[in-house]
Number of protein chains: 2
Amino acid sequence: MKISSRVDYALSCVLRIADKYESRKPVTAVEISRQEKIKPDYIEQLLLLLKKRKILKSFRGRSGGYVLSACPEDISVFSVVKAIENEILKPVCFREKGRRKKCVHFDDCKIISLWIGLKENMEKYLKRKNIEELLLLRRKEKNWRENRRIR
Amino acid sequence: MKISSRVDYALSCVLRIADKYESRKPVTAVEISRQEKIKPDYIEQLLLLLKKRKILKSFRGRSGGYVLSACPEDISVFSVVKAIENEILKPVCFREKGRRKKCVHFDDCKIISLWIGLKENMEKYLKRKNIEELLLLRRKEKNWRENRRIR
DNA sequence: TAAAACCCGATAAATTTTGTCAAGTATTAT
DNA sequence: ATAATACTTGACAAAATTTATCGGGTTTTA
């Protein structure tokens, strides 16, 4: 199991836009594209999903682009993941395949409840993490490196 | 993201074998195959992995089969998942692709630490769950259904 | 009014997962 | 002994999913 690259990229995009949150200047897809080395068309897909879920707002026209629709602290990692994937983990019963509609041992199969629990656990974790937190981590490390360089 | 069917099936297998833990009778791949409607060859692959990780022991020959190598309570769901998948979640940095060996923004990219945290969280959850627990859930429900039927 | 940016959907390419098959070796009940 | 039963291994084809690309729009503003 892997985190999909789309989710990972989406998070990068949000972070790039969050970097400019103070200045309130919209960030364009092309700008992010240059920074992240991803084609703008591909980024666009992600930004649109993020916008649909109200994580981003966009301004059109010549000096347009995307901005956060809330402050970094109020945007959870979960909401970003959810915007892209909808379900971070799909609890599927693999015995429902074929012509059968229900799991062979539907009544006494408790495995799916395990995956549902796992999913809830993951969601709880991701809800605790927010964009601000990731931003701070980056900045702290950056400062640390810059201080090191000076000496 | 989905739990792979292999993990799900492996867990079913372990549960089927655990059902017979008291009687100490080995359970054969064909037996499980009939119960779970999966081809025996496919099940074999999973059983072998489980055996390699010491979750199962096997007896060869005419009246052979598989048994648990520990009591159901001492087998965590995590160990089963680990036997099949090795890593429940691979924390990958998607910016390492292409000719570049390292992430474009290696130093200031903290996203991967997020996935590492998520992975640890998932593992913790799965370590708490054991086979006995799943077994009890099944049996409880079964009894409940049977009591209902009698009245 | 042209440039810059957003918007949308279809589809091709790559990767991963899933499942099948074949050809063995080892063990034991009879 | 030996046939039946079960375990062992590896290669590979089919299916599903993910990833990425592309083309053709519309809207807005310097």
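Per chain, numbering begins at 1; letters A, B, ... match sequence-line order. Quick note: numbers below take in every heavy atom, side chains included, and nothing from hydrogens, waters or symmetry partners.
Remark: A/Lys129 engages A/Glu133 in a salt bridge (charged side-chain N to carboxylate O under 4.0 Å, His left out) (not counting sequence neighbours).
Rounded to whole Å, the distance from CG on A/Leu49 to C1' on C/dG9 is 13 Å. For the pair B/Glu31 CD and D/dT5 C1', the computed distance is 13 Å after rounding to whole Å. Between the NZ atom of A/Lys57 and the P atom of C/dC6 there is a distance of 15 Å, given to the nearest Å. The separation between B/Glu44 atom CD and D/dT9 atom C1' is 10 Å, rounded to whole Å. Taking atom CG of residue A/Leu50 and atom P of nucleotide C/dC7, one finds them 12 Å apart after rounding to whole Å. Straight-line distance from the CG atom of A/Asn86 to the C1' atom of D/dT18: 16 Å, rounded to whole Å. For A/Lys37 and D/dT21, the NZ to P distance is 15 Å, given to the nearest whole Å. Here C/dA4 presents its P atom at 17 Å from OH of A/Tyr66, a figure rounded to the nearest Å.
Taking the side chain as every heavy atom from C-beta outward, A/Met1 and B/Ile88 approach each other to under 4.5 Å. Between B/Val7 and A/Trp115, the closest side-chain pair of non-hydrogen atoms falls below 4.5 Å. In this structure the side chain of A/Tyr42 reaches within 4.5 angstrom of the side chain of A/Arg6, judged on heavy atoms. Side chains of B/Ile3 and B/Val81 form no contact here, defined as non-hydrogen atoms less than 4.5 Å apart. Looking only at side-chain heavy atoms (C-beta outward), A/Leu15 and B/Ile111 come within less than 4.5 Å of each other.
Sequence neighbours left out, the pairs with a member in residues 66-80 of chain A that pass side-chain hydrogen bond (donor to acceptor under 3.5 Å, both in side chains) are A/Glu44-A/Tyr66.
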Summary of protein contacts for nucleotides 21-30 of chain C, nucleotide by nucleotide, where a base hit scores B, a sugar-phosphate-only hit scores S (4.0 Å, heavy atoms): B---BSBSS-
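Through direct or relayed side-chain contacts under 4.5 Å between Ile, Leu, Val, Met, Phe, Trp and Tyr, A/Val67 connects to A/Phe59.
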Could I get a table of every N or O pair under 3.5 Å where one atom is in the protein and the other is in nucleotides 15-17 of chain D?
{"from": "D/dT17", "atom 1": "OP1", "to": "B/Lys2", "atom 2": "NZ", "distance (Å)": "3.3"}

Quick one: side chains of residues 46-53 of chain B, donor-acceptor pairs under 3.5 Å with protein atoms, not counting sequence neighbours, listed by atom name and distance.
{"from": "B/Lys51", "atom 1": "NZ", "to": "B/Ser58", "atom 2": "OG", "distance (Å)": "2.9"}
{"from": "B/Arg53", "atom 1": "NH2", "to": "B/Asn86", "atom 2": "OD1", "distance (Å)": "3.4"}

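The side chain of A/Leu48 lies closest to C/dC8, out of C/dC8, C/dG19, D/dT8.
Looking at which nucleotide of DNA chain D each of A/Val7 and B/Gly65 is closest to, the 5′-most match is held by B/Gly65. Both A/Gly64 and A/Met1 sit near DNA chain C, but only A/Gly64 has its closest nucleotide nearer the 5' end.
B/Ser58 has no side-chain polar atom (N or O) that falls below the 4.0 Å cut-off from OP1 or OP2 of D/dC7. Within the 4.0 Å cut-off from OP1 or OP2 of C/dT17, not a single side-chain nitrogen or oxygen of B/Ser4 is found.
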